[in-house]
Amino acid sequence: MSYWFTIASLTGINVLLAYSVYASFMSGQVSIGQVAFFGVGAYVGASLTVLGGFDLASAVMAGGFAGAAASLFVGVPTLRLKGYHFTIATVAFAEAMRVVLHNLKYGRPRSSGNVGDQWLGPDGATGFRHISYLNDHSISTGQYAVIVWLIVAVVVVAFFLVERSRIARILRTIEEDEVVARSIGVPVARYKVAAFACGGFIAGISGALYAHLLTFISGNDFIIHLSTIALAYVVIGGGQTMWGPLIGAIIFTVLPETLRPIREFRIELFGLLIILVMLFRPAGMISAAMVRRWGVALTSKAGAKPPRKAP
Amino acid sequence: MLDVQDLTVSYGAIRAVRNVSLTVKAGEVVTLIGANGAGKTSIVKALSGLVPKASGRTMFGDTNISSLPAHQVTRLGLVHVPEGRKLVPSMSVEENLMCGAYCRSDKQEIAADLDQVMTRFPRLRERRRQLAGTMSGGERQMLAIGRGLMARPELLILDEPSLGLAPLLVEEVFNIIAGLKQEGKTILLIEQNALEALNSSDRAYVIRVGEVVMSGRSSDLVDDPELRRAYLGVN
Amino acid sequence: MLLTAVEGLAYGGLYALLGLGFFLTYGVLRRIDLAYGTVVMTSVYLGAMMVGGLGLPWVGVLALTLVVGIPLSLLVAYLAFVLVRQDARFSMAATLGIWMVLEELMLQSPGRGRGQAIVNPLQDLSWWPWGLQIRIDHMVILGLALAVAGLLTRFLTRSRTGLAIRVSAYDASVAALLGISHARMMVLATVIASAVGCVAGWSFAMAQSGIDLHFGMWATVKGLVILVLGGTQSIALIVTAAIGLGVAERVGSELIGSGYRDLVGYGLILALLAVEPFLRPGETRFGDSR
Amino acid sequence: MSRTQKSNFYTVRAIALATVAAASLTAAFTTGATAFQDDGTIILCSIEPLSGIGTSFGQPNYLGKVIAIDEINAEGGIEIDGKKVKIKLISEDDQAKPDQGVALFRKCAESEKALVITGTQYSRVTESMWGLLQKKVDDPNDKGLQVPSMSFLSMKAGVTGVSEWAFRNAGDEPAQHELAIKLMEEKFGPFKNYSGAVEANEGHSVAAWKAAYTPALERRNIKPAEYVEWYETDRDFSVQIRKLKRAETDFFILSSHLQANVGAMLEAQRQGFKPKMIISHIGSDAAEMVELGKQSTEGIVFPTAIHMAFPAPKVKWLADEYKKRTKETYMPQFVGLGYEGIMLVKEAIIKAGIKNRPETLAEDRRKVRDQLAAIKDYKSFAGMSLNMNANRDIVRPIYLVKITGGDFKLYWTPDKGFLF
């Protein structure tokens with residue numbers, strides 16, 4: 001069972017990562033750099049519990065703020081860029097961040113360590129060991145899964161509310177046409193930066209949760225692959241509504257596990273799935289039209305008025 | 001030269017054009033006038049093959065082009081200068097013009113035509129190396145017409161050439177059309193600017209909600225009281 | 001130091017070839033193809049594997065690479081950019097899937113994902129003017145890159161077909177109105193881009209006497225770097241950027257070591273992107289924004 | 001009900017449905033797991049990359065284990081309470097990804113109830129998996145997993161420091177390299193003028209340099225004349241090799257992986273950098289060194305645990321068995337380490353005197369752990385004697401292999417000294 005609890009925690013972490021992409025995706029900005037904020041969150045979160053003796057909740061929050069700060073650092077100058085410029089800027093930032101994390105060394109010596117294990121804290125390429133908060137505080141995998149999914153629930157509800165608010169309509173307008181948005185008096189840059197910072201915050205939280213689940217992190221964990229897969233969660237799940245990232249990340253994390261019986265062929269099958277979804281459901285598995293249809297079907301069955309058309 | 005019988009164009013369930021028949025004879029300038037959204041552009045898009053024709057029979061010269069793809073229609077000499085110019089902004093003026101001559105392989109003649117177009121539009125010669133994306137609206141329209149001419153069209157379709165231009169430039173565009181007419185070019189002109197269009201054409205068709213509601217000699221239509229009231233904004 | 005820079009110049013030729021393939025895909029065809037490097041890697045890998053198996057001479061690798069690479073690129077283009085056409089972001093996701101599938105297939109090929117040797121006939125030949133060491137194979141590749149760059153420039157700006165490809169990439173309906181068959185032009189452009197990519201991949205593999213699976217992702221990242229530095233407007237800029245990158249990387253390694261070397265490159269991209277809107281307002285590095 | 005309440009209601013319903021679906025899925029897959037020792041077997045788990053980037057070492061290692069298990073079971077199994085019990089090997093593929101590794105490690109420890117977990121073999125994943133273990137045995141405040149785990153190839157010095165339940169059969173790097181350097185000194189005179197190259201992006205290359213080479217060199221109070229770094233994905237080594245060449249060193253220590261090794265050695269050949277001796281460890285024991293590197297890798301010396309060039313008949317038997325099962329011609333040491341690792345575990349199980357009943361699992365695991373920690377003078381199939389040290393690394397006599405004439409030749413053995 002604890003195997004599935006671990007998978008559940010990992011799924012939750014990936015769902016958060018997907019929402020961090022989705023936050024700026026709503027305004028049409030494609031970031032392949034979320035892994036940088038994820039990594040920053042992981043390092044900050046782990047440092048606080050391991051070296052600073054903080055509790056998990058503050059460490060995770062701090063990881064989130066660190067992620068948001070990093071995203072502001074890259075977002076403010078580059079979000080005024082058009083289209084794919086921004087995407088490439090995020091790639092460059094993520095790779096730069098990986099190099100920095102990879103070379104980072106701080107902390108204190110461990111008096112009783114084995115040969116090769118005499119440092120507490122990140123030790124350059126050797127990595128960051130002994131992130132043992134869960135074991136030290138007797139947090140079981142089941143409890144951790146609950147913690148992760150509580151955070152996921154908060155984020156999902158937040159997106160659910162945002163989706164029905166004016167903010168979402170403004171973001172979608174920016175996605176459709178920036179010029180139009182600007183002409184109706186929307187401070188486009190401010191909205192884009194704010195959305196991106198929210199994404200950075202969620203990625204940071206996700207990273208801190210990841211570090212504590214994995215007990216060990218190193219710069220090489222935060223390669224660009226992870227960002228592209230996070231983007232795939234959103235695109236496969238569907239980027240038009242807030243349900244897409246959720247479904248995308250769950251399927252992406254759980255499906256490979258259930259495909260274990262076919263062993264090494266599961267990656268092929270999985271890649272094939274991406275292509276198939278893109279072929280037959282180009283708007284992702286959950287499209288806006290589908291959510292509308294379901295909404296209509298459900299509400300009309302209950303005899304209520306059909307919902308407003310989604311913005 | 002162009003003979004259209006009962007043309008219908010549908011977008012999904014919506015019929016944008018219904019049973020339109022029209023003809024253009026060699027050397028004529030024919031204009032389609034009508035309000036915004038009347039279906040004028042849909043008609044010419046169907047003629048040039050950009051949108052499929054739901055039904056009807058379209059002959060261009062001796063060829064049935066009812067179901068020919070757009071690039072093959074162009075090769076027959078039916079050249080469509082689309083609404084909104086549709087130039088390639090990252091290409092220079094000269095490159096855009098050369099694209100017009102894609103279907104031809106007579107190098108010397110192409111060079112001669114290029115020179116001729118640039119003589120017709122001296123502004124283009126001045127800016128032959130400039131990127132099309134950086135030019136003004138009037139210059140772009142000239143470039144678009146020039147690109148159309150580079151194909152040595154037998155029938156030139158001009159879709160809203162005066163759209164979005166300043167009044168002075170609108171006049172210039174109609175001067176160009178008048179010039180082309182004098183040279184004996186066959187032109188199918190789409191215009192919202194009905195009065196100017198009627199003044200520079202031989203015959204006209206009035207289109208309303210996808211149907212031809214009136215047709216005849218342009219000089220007669222200009223004097224039609226109903227038309228004047230409905231389209232020309234004159235009492 | 002100077003020595004390093006001069007050698008970097010020769011090495012830049014390798015990057016230039018790679019950059020040209022990317023230029024065609026991203027700049028001319030305007031496809032965000034994350035699988036580009038992987039497709040090239042797969043082609044060279046299979047080429048090398050088959051040559052090893054069939055006992056052909058070294059030139060066979062190039063031939064087989066092209067035989068594998070061109071149909072493969074067409075397949076990728078068809079799947080990701082013809083069938084999936086609604087949104088560039090979705091096409092990009094589809095190429096990600098292709099990337100995963102190809103890499104895994106190589107792991108399960110008879111080569112089992114292990115490095116494949118490629119014979120480099122110029123392996124040990126170097127030219128030593130004034131204490132410099134210039135590899136003959138690098139010079140050959142630099143020459144090849146410049147030749148390809150020249151030919152491509154001529155092709156894209158002068159030839160009828162080249163212009164038609166550019167129109168077609170910009171807008172299918174405009175192309176059709178000019179009498180250009182969009183489908184045929186896209187196939188042709190994909191074939192050219194893929195051929196350039198295959199030649200680049202093969203040259204690279206030959207210069208290092210073998211190919212391994214890391215090459216795919218590496219090539220994609222390097223290609224993107226070159227593209228950002230050089231933009232997608234002109235081939236000359238791409239070649240300059242590629243050679244510049246070759247020099248900068250070597251000088252960087254010499255001065256600051258490998259650890260932080262990449263940081264300089266990425267930092268440069270960020271700085272360039274952040275400053276650019278102020279330097280050239282209204283212009284875009286990535287072709288025509290529609 | 002207002003519209004928002006309504007849609008909230010349906011959201012709740014959707015979530016409930018999803019939960020049910022997830023739960024049934026979970027049930028389906030957990031019931032698929034083995035019911036504990038119903039079939040009267042000893043369960044061992046094996047985690048390694050069988051697909052993805054680590055396949056090239058995960059697969060051979062797995063095969064080595066399978067060969068060992070087949071051999072044990074062919075003899076009827078292990079004797080427990082006077083009865084022969086067969087071993088069942090449950091294999092999991094972690095794709096060299098740490099997130100999969102942690103989930104699988106828990107699965108093996110808790111759902112499969114494995115007596116011992118062998119793996120994983122990729123040090124990055126090993127780090128995360130062993131972080132789940134209890135740090136010190138008998139610590140009541142530490143609720144970490146309590147299951148003995150042995151990795152056969154994680155060549156990252158210090159990785160066992162994370163838990164007393166963690167063991168390695170990858171070799172004791174500091175001892176290996178100390179001896180290698182001593183031997184070089186014997187053959188070529190004082191080890192003074194040396195240079196090093198490290199693959200800076202790989203944790204275990206860096207760890208080997210820091211924990212294994214550096215102490216050995218510091219003891220001799222010498223510093224490298226030149227030290228360079230590169231990345232595994234680098235394609236150009238000319239700058240680094242020129243620096244090394246300029247330093248004109250006699251000895252060259254190469255702490256790097258296969259791809260980079262080959263690239264760097266080809267460049268060295270081109271530039272004419274030819275030190276008297278090149279010592280390597282990870283990444284040189286592979287057929288590609290010769291296939292891709294050709295003459296450039298000639299003369300590289302590396303310490304090995306088990307090499308197919310060993311004269312022991314059992315090694316030859318294993319190599320033949322491996323070739324038969326895979327159609328490969330070269331047997332990397334991963335196969336031998338896998339085979340030997342299982343034999344070590346078997347020895348510990350026999351000595352532990354386990355009961356192998358569901359209720360004694362925790363006790364049995366503890367006994368096996370203690371026996372693993374106490375391995376002393378174990379006679380390996382390759383004829384050497386193995387001991388577990390305080391770092392929970394197996395200490396073994398080292399053998400040196402040298403790449404000579406396009407082949408891997410045994411170069412130095414403890415009993416015969418230098419062979420050529």
Side-chain angles (χ1 to χ4, degrees), chain A residues 1-8 10 13 102-103 110 113-118 123-127 129-132 134-141 160 164 210 213-221 250 253-254 256-258 260-261 263-267 294-295 298-299 302 304-305 307-308, chain D residues 1 3-4 6-7 9-11 18 22 25-26 29-30 32 50-52 55 92-93 95 98-100 102-104 106-107 109-111 124 127-128 130-135 141-144 156-162 173-174 200-207 210-212 215 390-392:
Chain A
M1 202 59 215
S2 58
Y3 164 67
W4 286 104
F5 283 140
T6 310
I7 297 296
L10 286 169
I13 286 164
H102 187 76
N103 289 287
R110 262 166 64 88
N114 277 2
V115 174
D117 184 36
Q118 286 148 339
D123 184 8
T126 315
R129 227 175 248 159
H130 303 292
I131 309 172
S132 55
L134 301 189
N135 275 357
D136 295 346
H137 293 79
S138 303
I139 298 173
S140 72
T141 38
F160 186 80
R164 272 146 193 78
Y210 174 86
L213 182 69
L214 273 271
T215 73
F216 172 89
I217 48 175
S218 70
N220 277 354
D221 291 1
I250 292 178
T253 324
V254 177
E257 294 302 322
T258 57
R260 276 191 184 277
R263 299 202 77 125
E264 53 258 50
F265 292 102
R266 66 185 190 274
I267 301 187
W294 284 11
L298 293 172
T299 42
K305 277 187 295 181
R308 254 178 310 168
Chain D
M1 247 197 263
R3 196 183 62 79
T4 7
K6 194 118 259 165
S7 51
F9 170 73
Y10 286 110
T11 317
L25 209 70
T26 311
F29 279 88
T30 40
L50 298 173
S51 58
T55 319
E92 298 290 356
D93 170 20
Q95 298 188 320
D99 46 349
Q100 296 194 20
V102 291
L104 292 171
R106 287 205 180 273
K107 184 181 180 193
E110 298 180 14
S111 313
R124 166 63 194 92
E127 290 268 16
S128 273
W130 287 354
L132 306 176
L133 290 168
Q134 187 185 40
K135 266 177 276 186
N141 295 322
D142 189 339
K143 289 285 187 290
K156 185 172 176 187
V159 69
T160 47
V162 116
E173 287 92 346
N201 69 322
E202 275 293 340
H204 58 293
S205 310
V206 176
K210 280 203 273 200
N391 288 341
R392 291 176 300 283

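A note on names: the letters A, B, ... follow the listed sequences, proteins ahead of strands, and every chain is numbered from 1.
- Minimum heavy-atom separation, A:H130 to D:G161: CE1-O, 4.3 Å.
- Contact of A:L214 with chain D is made through backbone and side chain together, with heavy-atom distances under 4.5 Å.
- Contacts between A:T141 and chain D at a heavy-atom distance below 4.5 Å involve the side chain alone, from C-beta outward.
- Residue A:T126 touches chain D through both its backbone and its side chain, counting heavy-atom pairs closer than 4.5 Å.
- If you measure heavy-atom distances from D:D99 to chain A, the contacts under 4.5 Å come from both the backbone and the side chain.
- The contact between A:Y210 and chain D is made entirely by side chain atoms (from C-beta outward), counting heavy-atom distances below 4.5 Å.
- Only the side chain of D:R392 comes within contact range of chain A, with at least one heavy atom under 4.5 Å from a heavy atom of that chain.
- Listed options A:I131, A:N220, A:L134, A:D221 were ranked by heavy-atom pairs under 4.5 angstrom with chain D; first place goes to A:D221.
- The CZ atom of A:F216 lies 5.5 Å from the CZ atom of D:R124; values are rounded to the nearest 0.5 Å.
- Of the atoms belonging to A:D123, heavy atoms from both backbone and side chain fall under 4.5 Å from chain D.
- For D:P98, the parts sitting under 4.5 Å from any heavy atom of chain A are the backbone and the side chain alike.
- Both the backbone and the side chain of A:D136 come within contact range of chain D, each with at least one heavy atom under 4.5 Å from a heavy atom of that chain.
- Looking at A:T6 and D:K107, their side chains never come closer than 4.5 Å, going by heavy atoms from C-beta outward.
- At a threshold of 4.5 Å between non-hydrogen side-chain atoms, the residues D:K135 and A:N135 do not count as touching.
- Rounding to the nearest 0.5 Å gives a distance of 6.0 Å between CD of A:E257 and CG of D:L104.
- If you take OG1 on A:T215 and CG on D:L133, they are separated by 9.0 Å, rounding to the nearest 0.5 Å.
- Between D:E110 atom CD and A:S2 atom OG the span is 3.0 Å, to the nearest 0.5 Å.
- Neither the backbone nor the side chain of D:T55 comes within contact range of chain A; no heavy atom of the residue lies under 4.5 Å from a heavy atom of that chain.
- A:S140 and D:K143 form no side-chain donor-acceptor contact under 3.5 Å, judged by distance and modelled atom types alone.
- Residues A:D117 and D:V162 fail the side-chain proximity criterion, which asks for heavy atoms closer than 4.5 Å.
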Evaluate the criterion side-chain contact (heavy atoms from CB on, under 4.5 Å) for residue pair A:H102 and D:V206; output intermediate values, then yes/no.
-> CA-CA 12 Å; A:H102 187 76; D:V206 176; 5.9 Å; no
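- Of the two parts of D:L132, the backbone and the side chain both hold a non-hydrogen atom closer than 4.5 Å to a non-hydrogen atom of chain A.
- Across all non-hydrogen atoms, the minimal contact from D:A200 to A:A125 is O-CB, 3.4 Å.
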